[in-house]
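All remarks here apply to the structure that follows.
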Amino acid sequence: MSITIATWNINSVRLRADLVARLLRDEAPDVLCLQECKSPVDKIPLETFAARGYGHMVARGQKGYNGVAILSRLPLEDAGHRDFVGKGDARHVAARLENGLTIHNYYVPAGGDVPDRDVNEKFGHKLDFLAEMRAWFTDTAPEKSVLVGDLNIAPREDDVWSHKQLLKVVSHTPIEVDTFETTREAGNWVDVTRADIPEGQLYSWWSYRARDWSAADKGRRLDHVWASADIAAAAHGSRILREVRGWDQPSDHAPVFASFDL
DNA sequence: ATGGTCGCCTTGCGA
């Protein structure tokens, strides 16, 4: 059985419900994980997605901020959520498929503008969030699991348009990259996108502020698909759908896809 | 060149 999973920071699921429906129609993933839904769960337009065959959803939401949802055309069981850093933010939710695969959907805090936790508490919050993820993975080794989401860190030099120019820019600072890698390694997670596409520049986000985002191409790979080590060899077919960033009234993120033969 | 653009909690804030 092959399962295709996609992750996409949608930046308002209500404003962009038609774009979600278009992606479901054109690309037909089995599971689509969304971040920054910016909606209470009961206001997510599930009927729009159910009409496309995606009637199963597990989500956590809040008004205006954050929000994560897992849409599926296969039955889903709610596998809970965790309130990282105790702020009550809707930044994590998990679901389980009938074949036993657990899917974790994360929206890691962006971390503000200044990469110094002494003057910017949002940066400290981001590092603390990652440390809590790491502690959880150390305590309970993930098995038969996929972790996806907007992790708001671009770890590799070829995950950003300019390694040198972004060394002091939140999302690519050494402390974030180190924390990101120790967090991933604590769970023996495999970076599926880079296992499939090991060479070359790879981005999933381009700022709204660029005059011409595609020509400037100042992107970063902030959105990730990880697999637990026991199923990593089953992963294949990773892609980032750059063209989706060019749709009308787009999200500033492109969706990331991976498939698993389970 | 320290700007620029989004979306919602709105005339500010978070990204």
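On a predicted model such as this, the values are computed, not experimentally measured, just so you know. Each chain gets a letter, A, B and so on, in the order its sequence line appears, and its residues count up from 1.
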Give the rounded distance in Å between these two atoms: [atom1] of [X] and [atom2] of [N].
{"X": "A:Arg220", "N": "B:dA15", "atom1": "CZ", "atom2": "P", "answer": "14 Å"}
{"X": "A:Gln249", "N": "B:dG7", "atom1": "CD", "atom2": "P", "answer": "6 Å"}
{"X": "A:Ile10", "N": "B:dC6", "atom1": "CD1", "atom2": "P", "answer": "15 Å"}
{"X": "A:Arg91", "N": "B:dG14", "atom1": "CZ", "atom2": "P", "answer": "11 Å"}
{"X": "A:His253", "N": "B:dG7", "atom1": "NE2", "atom2": "P", "answer": "13 Å"}
{"X": "A:Asp150", "N": "B:dG14", "atom1": "CG", "atom2": "P", "answer": "17 Å"}
{"X": "A:Arg211", "N": "B:dC6", "atom1": "CZ", "atom2": "P", "answer": "14 Å"}
{"X": "A:Trp206", "N": "B:dC6", "atom1": "CH2", "atom2": "P", "answer": "16 Å"}

Original post:
Do any pairs count as a side chain to side chain donor-acceptor pair (under 3.5 Å) and have a residue in residues 66-78 of chain A, sequence neighbours left out, and if so which ones?
Top reply: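 Residue pairs passing side chain to side chain donor-acceptor pair (under 3.5 Å), neighbours aside: A:Asp30-A:Arg73, A:Arg60-A:Asp78, A:Gln62-A:Asn66, A:Asn66-A:Arg91.
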
Distances under 3.5 Å between protein N/O atoms and the N/O atoms of nucleotides 2-5 of chain B, please, pair by pair.
residue: B:dG4; atom: O6; partner: A:Arg209; partner atom: NH1; Å: 3.0
residue: B:dT5; atom: O4'; partner: A:Tyr208; partner atom: O; Å: 3.3
residue: B:dT5; atom: N3; partner: A:Arg209; partner atom: NE; Å: 3.4
residue: B:dT5; atom: O4; partner: A:Arg209; partner atom: NH2; Å: 3.4

Say whether [X] and [Y], considering side chains only, have a donor N or O and an acceptor N or O under 3.5 Å apart.
{"X": "A:Ser2", "Y": "A:Ser259", "value": "no"}
{"X": "A:Glu176", "Y": "A:Thr173", "value": "yes"}
{"X": "A:Arg96", "Y": "A:Thr102", "value": "yes"}

Heavy-atom contacts under 4.0 Å between [range] and DNA chain B, which residues?
{"range": "residues 11-25 of chain A", "value": "A:Asn11, A:Ser12, A:Leu15, A:Arg16"}
{"range": "residues 162-170 of chain A", "value": "none"}
{"range": "residues 104-124 of chain A", "value": "A:Tyr107, A:Ala110, A:Lys122"}

**OP:** List for me each residue that meets salt bridge (Lys or Arg N to Asp or Glu O under 4.0 Å) alongside A:Glu121, sequence neighbours excluded, and say none if there are none.
**Re:**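 Testing A:Glu121 for salt bridge (Lys or Arg N to Asp or Glu O under 4.0 Å), a comparison that skips the adjacent residues, returns none.
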
Original post:
Which residue pairs pass the ring pair (Phe, Tyr, Trp, His ring centres under 6.0 Å) test with at least one member in residues 142-187 of chain A, sequence neighbours excluded?
Top reply: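 Counting only pairs at least two positions apart or across chains, the ring pair (Phe, Tyr, Trp, His ring centres under 6.0 Å) contacts touching residues 142-187 of chain A are A:His163-A:His172, A:Phe180-A:His224, A:Phe180-A:Trp226.
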
Original post:
What ring pair (Phe, Tyr, Trp, His ring centres under 6.0 Å) pairs are there with at least one residue in residues 92-123 of chain A, not counting sequence neighbours?
Top reply: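 As it turns out, the ring pair (Phe, Tyr, Trp, His ring centres under 6.0 Å) pairs with a partner in residues 92-123 of chain A, which skip direct neighbours, are A:Phe84-A:His92, A:Phe84-A:Tyr106, A:His92-A:His104, A:His92-A:Tyr106, A:His92-A:Trp136, A:His104-A:Trp136.
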
**OP:** State which residues pass side chain to side chain donor-acceptor pair (under 3.5 Å) with A:Ser171; sequence neighbours excluded, sorted by chain then number.
**Re:**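 For A:Ser171, the residues satisfying side chain to side chain donor-acceptor pair (under 3.5 Å) (neighbours in sequence not counted) are A:Arg220.
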
Subject >> Contact list for residues 133-146 of chain A, test salt bridge (charged side-chain N to carboxylate O under 4.0 Å, His left out), sequence neighbours left out >> reply: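 Salt bridge (charged side-chain N to carboxylate O under 4.0 Å, His left out) check on residues 133-146 of chain A returns no pairs.
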
Subject >> Min side-chain heavy-atom separation A:Met57-A:Val41 under 4.5 Å >> reply: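 In contact.
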
**OP:** For A:Glu36 and A:Asn11, indicate whether the former's side chain and the latter's backbone hold a donor-acceptor pair under 3.5 Å.
**Re:**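 Judged by distance alone, no pair lies under 3.5 Å.
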
**OP:** Measure the CG-CD distance between A:Asp26 and A:Glu243 for me, rounded to the nearest 0.5 Å.
**Re:**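 If we round to the nearest 0.5 Å, A:Asp26:CG and A:Glu243:CD are 9.0 Å apart.
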
Original post:
Between A:Lys38 and A:Asn66, which has a closest nucleotide on DNA chain B that is more 5'?
Top reply: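 By nearest-heavy-atom nucleotide position, the 5'-most residue is A:Lys38.
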
Distance check, [atom1] atoms only: [N] and [M], in whole angstrom units.
{"N": "B:dA1", "M": "B:dC6", "atom1": "P", "result": "25 Å"}
{"N": "B:dG7", "M": "B:dG3", "atom1": "P", "result": "22 Å"}
{"N": "B:dG4", "M": "B:dC8", "atom1": "P", "result": "22 Å"}

Original post:
Apart from A:Leu222 itself, what residues make up its hydrophobic cluster when side-chain heavy atoms of I, L, V, M, F, W and Y under 4.5 Å apart count as a link, directly or indirectly?
Top reply: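 Members other than A:Leu222 - counting any ILVMFWY side chain reachable under 4.5 Å - are A:Trp205.
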
**OP:** Share the residues that join A:Val119 in a hydrophobic cluster, the rule being Ile, Leu, Val, Met, Phe, Trp or Tyr side chains under 4.5 Å apart at the heavy-atom level.
**Re:**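 A:Val114, which link up through side-chain heavy atoms under 4.5 Å apart, make up the rest of the cluster.
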
